[in-house]
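Following: one structure in structure tokens, then a few remarks.
Just so you know, ligand 1 is whichever comes first in the structure, and atom 1 is the first atom listed for that ligand. FYI, the numbering just counts along the sequence from 1.
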Amino acid sequence: MATALTRAQQAWQLLEHLSDPEIPVITLRELGILRDVREGAEALEVVITPTYSGCPAMGQIEDDVRATLASAGLQARVVTQLAPAWTTDWMSDAAREKLRAYGIAPPHACASEPAGSASVVQFAARSATTEEVHCPQCGSANTTETSHFGSTACKALYRCLDCMEPFDYFKPY
Ligand SMILES: [Zn+2]
């Protein structure tokens with residue numbers, strides 16, 4: 001006799017392949033947005049953390065989560081958890097690789113700095129001088145930022161000066 005899955009395990013299996021509405025090649029779990037599935041008092045609770053506060057995709061993500069579970073007869077409540085805040089460090093290596101293959105330069109791991117005046121100064125100095133973003137097409141570091149806000153607020157628009165291809169850079173934070 002096969003062991004029956006709990007509702008929460010079933011929900012994990014269903015949500016495992018749910019992709020990000022803005023980056024269809026990557027799943028919510030790989031991005032680190034999908035945090036937890038747990039038994040609530042009345043229904044399942046799915047815990048998600050937005051990539052940044054006010055991310056316009058979150059409404060879409062909540063709808064997708066509910067619709068995916070409802071199609072399997074599972075009722076769930078989506079809980080948005082803001083603390084600890086999402087950082088690009090939560091993105092798996094596999095997710096970074098998929099981003100690159102999709103044509104988006106993955107974020108540098110420099111997000112987990114404590115907030116404070118010292119680190120703000122340090123961040124400003126560093127981003128002005130040493131941030132090196134590699135072209136996802138040809139790997140060249142000879143790139144330039146053309147717009148700080150790309151197709152979405154999470155990304156900046158870059159152009160490669162070697163192959164001349166424009167590309168999105170997923171900004172670290
Ligand atoms: Zn290039």
**OP:** Indicate the atoms forming the closest heavy-atom contact of L99 with M91, along with that distance.
**Re:** CD1-SD, 3.7 Å

Original post:
Under 2.8 Å from the Zn ion (ligand 1), which protein N/O/S atoms are there?
Top reply: C135 SG, C138 SG, C160 SG, C163 SG

**OP:** Check each of V37, L5, T6 against W12 using the side chain to side chain contact (heavy atoms under 4.5 Å, CB included) test, and report the only one that passes.
**Re:** V37

Subject >> Heavy-atom donor-acceptor pair, E62 side chain to G59 backbone, under 3.5 Å >> reply: no

**OP:** Please answer whether the main-chain N or O of T27 pairs with a side-chain N or O of K98 as donor and acceptor at a distance below 3.5 Å.
**Re:** no

Original post:
Which heavy-atom pair separates E42 from R7 by the least distance, and what is that distance?
Top reply: O-NH2, 4.4 Å

Can you give each donor-acceptor pair under 3.5 Å made by side-chain atoms of residues 156-165, sequence neighbours left out, with the distance rounded to 0.1 Å?
from: R159; atom 1: NH1; to: M164; atom 2: O; distance (Å): 2.7
from: D162; atom 1: OD1; to: N142; atom 2: ND2; distance (Å): 3.2
from: D162; atom 1: OD2; to: S140; atom 2: OG; distance (Å): 2.6

